[in-house]
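Working notes for the structure below.
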Amino acid sequence: MPSPRAQRLLKAADRLEETFMIVALIFMTVLTVVQVVLRYGFSESLVWSLEATMYTFAWLVLIGMSYGVRTEAHIAVDLVTSRLSPGGARMFTGIALLCGLAYCALMIYGSSQFVELSMTLGNNARDIPLRRWVLTGIMPIAFGLLALRLVQAARPVLWPRAKVSDAR
């Protein structure tokens, strides 16, 4: 069972994740409505709105991956595991966890290299007055969060005596 401090940190991460997704959806919706009204009502536009919406959506997807794992809102295919013994299902889950963690590790490494290169080059975004690394810096963070959520989700399956509430 995680320590009380670890539990508080995980709960704070949960709330931060949820708050970010709410704010991102509201921002994208309001910005798109404003852009449509400006374009069709006033023949004006915000040059940066498409790029801002695109980056916000990318951030939303990246954070949404870990949220989907945490809340079990993803598609679960248990065709194989439902036909296995409990030990076989645990082994299969362990292999799936290792594959998921390997993917996260590769993405953390690759995206860190990409962000570092963006920092070195000093590229700006096309229409937003920010450095590109600021806008793409979420990638290694999001895959680190996804790795944490994968471990949390697998814990009760791999160690059946662990309660679901212990993992959160």
Side-chain angles (χ1 to χ4, degrees), residues 2-77 93 95-155 167-168:
S3 69
R5 183 175 182 188
Q7 287 179 337
R8 282 195 309 272
L9 285 172
L10 289 173
K11 287 223 181 276
D14 294 350
R15 298 302 161 251
L16 189 61
E17 194 176 58
E18 292 164 359
T19 302
F20 171 77
M21 291 190 331
I22 291 167
V23 170
L25 281 170
I26 290 170
F27 174 74
M28 287 181 355
T29 303
V30 169
L31 185 59
T32 301
V33 168
V34 167
Q35 178 68 358
V36 168
V37 168
L38 284 175
R39 181 171 291 161
Y40 293 107
F42 301 99
S43 296
E44 296 288 329
S45 70
L46 302 171
V47 174
W48 51 269
S49 68
L50 179 62
E51 189 174 23
T53 303
M54 181 184 69
Y55 277 112
T56 305
F57 184 72
W59 281 48
L60 184 63
V61 167
L62 289 167
I63 298 298
M65 291 184 310
S66 62
Y67 177 80
V69 170
R70 178 174 63 91
T71 61
E72 297 178 9
H74 52 80
I75 297 172
V77 181
T93 300
I95 292 168
L97 173 65
L98 289 175
C99 290
L101 290 175
Y103 174 74
C104 287
L106 287 171
M107 292 303 294
I108 290 168
Y109 175 76
S111 60
S112 295
Q113 295 295 310
F114 177 74
V115 171
E116 185 179 330
L117 181 62
S118 292
M119 290 173 77
T120 303
L121 294 174
N123 293 345
N124 287 335
R126 283 181 308 217
D127 300 320
I128 302 172
L130 289 173
R131 298 280 188 201
R132 189 172 305 267
W133 71 267
V134 172
L135 299 168
T136 58
I138 190 67
M139 291 188 299
I141 296 167
F143 281 102
L145 186 58
L146 178 60
L148 170 70
R149 299 306 188 188
L150 286 171
V151 170
Q152 281 181 301
R155 186 173 175 209
R168 292 189 182 156

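For reference, positions follow the sequence shown, starting with 1.
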Can you run down the ring-ring contact (aromatic ring centres under 6.0 Å, His included) pairs that involve residues 96-152, sequence neighbours left out, and say none if there aren't any? Tyr103-Phe143

So ring-ring contact (aromatic ring centres under 6.0 Å, His included) across residues 26-55, not counting sequence neighbours, yields none

Kindly write out the residues that satisfy side chain to side chain contact (heavy atoms under 4.5 Å, CB included) with [X], not counting sequence neighbours, or none if the list is empty.
X	answer
Leu16	none
Ala12	none
Leu117	Leu121
Leu148	Leu10, Leu145, Gln152

Do Leu50 and Asp127 come within less than 4.5 Å of each other through their side chains, counting heavy atoms only? no

Side chains of Leu146 and Met107: does their closest heavy-atom pair fall under 4.5 Å? no

For [X], which residues count as a side chain to side chain donor-acceptor pair (under 3.5 Å) partner, sequence neighbours excluded?
X	result
Thr136	none
Arg15	Glu18
Arg131	Asn124
Glu17	Ser66, Arg70, Arg149

Is a donor on one side and an acceptor on the other found under 3.5 Å between the side chain of Gln35 and the backbone of Ser49? no

With no hydrogens and no angle check, is any side-chain donor or acceptor of Glu51 less than 3.5 Å from a backbone partner on Ala125? no

Determine the minimum heavy-atom distance between [X] and [Y], stating which atoms define it.
X	Y	answer
Ile108	Pro140	CG1-O, 3.8 Å
Arg39	Ser45	NH2-CB, 4.2 Å
Ala154	Leu97	CB-CD2, 3.8 Å
Gly137	Val115	CA-CG2, 3.8 Å
Cys104	Ala147	SG-N, 3.8 Å

Measure the [atom1]-[atom2] distance between [X] and [Y] for me, rounded to the nearest 0.5 Å.
X	Y	atom1	atom2	answer
Met54	Leu135	CE	CG	8.5 Å
Ile141	Ile138	CD1	CD1	5.0 Å
Leu38	Leu31	CG	CG	9.5 Å
Ile26	Thr56	CD1	OG1	12.5 Å

